[in-house]
Amino acid sequence: MAPPFLSFILLFLINAAASSSAQGPPSPGYYPSSKIRSMGFDQGYRNLWGPQHQNEDQGGLSIWLDRSSGSGFKSVRPYGSGYFGAAIKVQSGYTAGVITSFYLSNNEQYQTDHDEIDIEFLGTTPDKPYVLQTNVWTKGSGDGNRLIGREHRFHLWFDPTQDYHNYAVVYNPTEIIFLVDDVPIRRYPWKSDATFPLRPMWVYGSIWDASSWATENGKYKADYNYQPFIGRYKDFKLGPGSAASPSGITGLSRQQYTAMDWVQRNYKVYDYCIDSKRDHSQTPEC
């Protein structure tokens, strides 16, 4: 048995770590979303599919999935770089198999050779937290049978079903940065043209049934006894802010890196670069 003072120190350290995690990430010190003015849905987007499963209200948008259809929307024009964000609130309860997404893509223009940058909420069962998946597809790596995803998956330090939170991508020719409430959670830098999307993309959002893989590799499927599954979006941001750091150039500040490191240590649950089942000859950036 450990001496009482050692047990006390161990208990203190465990409680301190738990308390730090519960309080959320350290301040990133810079808030790029504050530099971009919010817009209403119809100022920058249009319905893409499932119009009967969309409802616009005071500049925000609700889209839903039921047994008959899901729904999706698309920006009016493509972008080669910028800040792309929205405040999103996802469905509570049983949502297994359902994906609520916000992403950039040029898949309609390059149907067999497209690029894509994803933020996806992977639905879950009521006893488990949502998984937020970030992913990068480049030059057809998400087309046909040669799927080469670059996924990082996270749990969140809050419940995304209880309130709106801001999710964003900062994209420019040298890096992709994923942000949650202005906290960087992932930075994907350019290392070669072969592994980085360089063509303009449109901004999309959607809700759809991905039962074959979304929740624990397809173990749990969408159950339409719980329909409709609703994704709510507001405070859309489409702007020229192609840098996430206070310096206005690429990269992150030391304070932002500290916040990102905290998220990755405490909440990252999957990284394709350290997945031993993957063929890493296909992902040389690792």
Q: Starting from the C-alpha separation in whole Å, work towards a yes-or-no answer on ring-ring contact (aromatic ring centres under 6.0 Å, His included) for Tyr204 and Phe73.
A: CA-CA 6 Å; Tyr204 295 81; Phe73 59 89; 8.5 Å; no

Q) Is the Lys NZ or Arg CZ of Lys237 less than 6.0 Å from the centre of Phe84's six-membered ring, within 45° of the axis? A) no

Q) Any sub-3.5 Å donor-acceptor pair from Gln227's side-chain atoms to Arg67's backbone N or O? A) yes

(Q) With rounding to the nearest 0.5 angstrom, report the CG to NE2 distance, Leu132 to His165. (A) 12.0 Å

Q.
Checking the side chain of Asn172 only, and the main-chain atoms of Thr174 only, is there a donor and an acceptor separated by less than 3.5 Å?
A. yes

(Q) Using 30° and 60° as the class boundaries, would you call the ring planes of Phe236 and Tyr45 parallel, tilted or perpendicular? (A) tilted

(Q) Using a 3.5 Å distance criterion without hydrogens, assess whether the side chain of Thr138 forms a donor-acceptor pair with backbone atoms of Thr195. (A) no

Q. Are the charged groups of Glu151 and Arg186 less than 4.0 angstrom apart, N to O?
A. no

Q: Assign the ring pair Phe196 / Tyr188 to parallel, tilted or perpendicular, where the plane angle (0 to 90°) is split at 30° and 60°.
A: parallel

Q. Among all residues two or more places apart in sequence or in another chain, which pass the side chain to side chain contact (heavy atoms under 4.5 Å, CB included) test with Asp118?
A. Tyr103, Glu116, Glu120, Asn135, Trp137

**Q.** Side-chain donor/acceptor of Lys221 to backbone N/O of Gly218, under 3.5 Å
**A.** yes

Q | Check: Asn106/His114 side-chain N/O donor and acceptor closer than 3.5 Å | A | no

Q) In Å and rounded to the nearest 0.5 Å, what is the OG to CZ distance from Ser75 to Arg46? A) 10.5 Å

(Q) Under the side-chain contact (heavy atoms from CB on, under 4.5 Å) test against Val98, which residue among Asp223, Leu65, Thr215, Asp209 passes? (A) Leu65

Q: Given ring-ring contact (aromatic ring centres under 6.0 Å, His included), test Tyr267 with Phe154 step by step and report yes or no.
A: CA-CA 5 Å; Tyr267 288 95; Phe154 302 84; 9.0 Å; no

Q) How about Ser33 and Asp182: does a side-chain donor come under 3.5 Å of a side-chain acceptor? A) yes

(Q) Other residues, nucleotides and ligands only: do more than 12 of their heavy atoms fall within 6.0 Å of CD on Gln52? (A) yes

Q: For side-chain hydrogen bond (donor to acceptor under 3.5 Å, both in side chains), just list the numbers for Ser253 and Ser245, CA-CA rounded to whole Å, side-chain angles, deciding distance to a tenth of an Å, and then say yes or no.
A: CA-CA 6 Å; Ser253 69; Ser245 70; over 6 Å; no

Q.
Are more than 12 heavy atoms, taken from residues, nucleotides or ligands other than Asn217, located less than 6.0 Å from that residue's CG atom?
A. no

Q) If you round to the nearest 0.5 Å, how far is CD1 of Ile36 from CG of Asp235? A) 13.5 Å

Q.
In terms of relative ring orientation, are Phe158 and Tyr167 parallel, tilted or perpendicular, with 30° and 60° separating the classes?
A. tilted

**Q.** For Val76, the rest of its hydrophobic cluster, which grows through side-chain links under 4.5 angstrom
**A.** none

**Q.** Under 3.5 Å: donor-acceptor pair, side chain of Tyr272, backbone of Cys286
**A.** no

Q.
Would you say CZ of Arg37 has more than 12 non-hydrogen atoms from neighbouring residues, nucleotides or ligands within 6.0 angstrom?
A. no

Q: Measure from the side-chain N and O atoms of Ser105 to the backbone N and O of Asn107, and report whether any donor-acceptor pair falls under 3.5 Å.
A: yes

Q.
Can you tell me how far apart OH (Tyr226) and OG (Ser92) are? Round to the nearest 0.5 Å.
A. 12.0 Å

Q: Check whether more than 12 heavy atoms from other residues, nucleotides or ligands sit under 6.0 Å from atom OH of Tyr79, and answer yes or no.
A: yes

Q) Taking the hydrophobic residues Ile, Leu, Val, Met, Phe, Trp and Tyr, and joining any pair whose side-chain heavy atoms are under 4.5 Å apart, which ones share a cluster with Ile230? A) Trp64

Q | CD on Glu216 to NZ on Lys128, rounded to 0.5 Å | A | 3.5 Å

Q) Hey, is the main chain of Pro26 close enough, under 3.5 Å, to the side chain of Thr258 for a donor-acceptor pair? A) no

Q.
Between Arg199 and Asp115, does any NZ, NE, NH1 or NH2 come within less than 4.0 Å of an OD or OE carboxylate oxygen?
A. yes

Q) Can any side-chain N or O of Thr100 pair as donor or acceptor with the backbone N or O of Ile207 at less than 3.5 Å? A) no

Q) Does the pair Asp66 and Tyr224 meet the rule for a side-chain hydrogen bond (donor to acceptor under 3.5 Å, both in side chains), with working shown? A) CA-CA 7 Å; Asp66 60 24; Tyr224 289 99; over 6 Å; no

Q. Does one side chain, of Thr124 or Thr95, offer a donor that lies under 3.5 Å from an acceptor on the other?
A. no

Q) Are the side chain of Glu175 and the backbone N or O of Trp190 linked by a donor-acceptor pair below 3.5 Å? A) no

Q. Quick one: does Lys74's side chain have a donor or acceptor within less than 3.5 Å of a partner on Gly205's backbone?
A. no

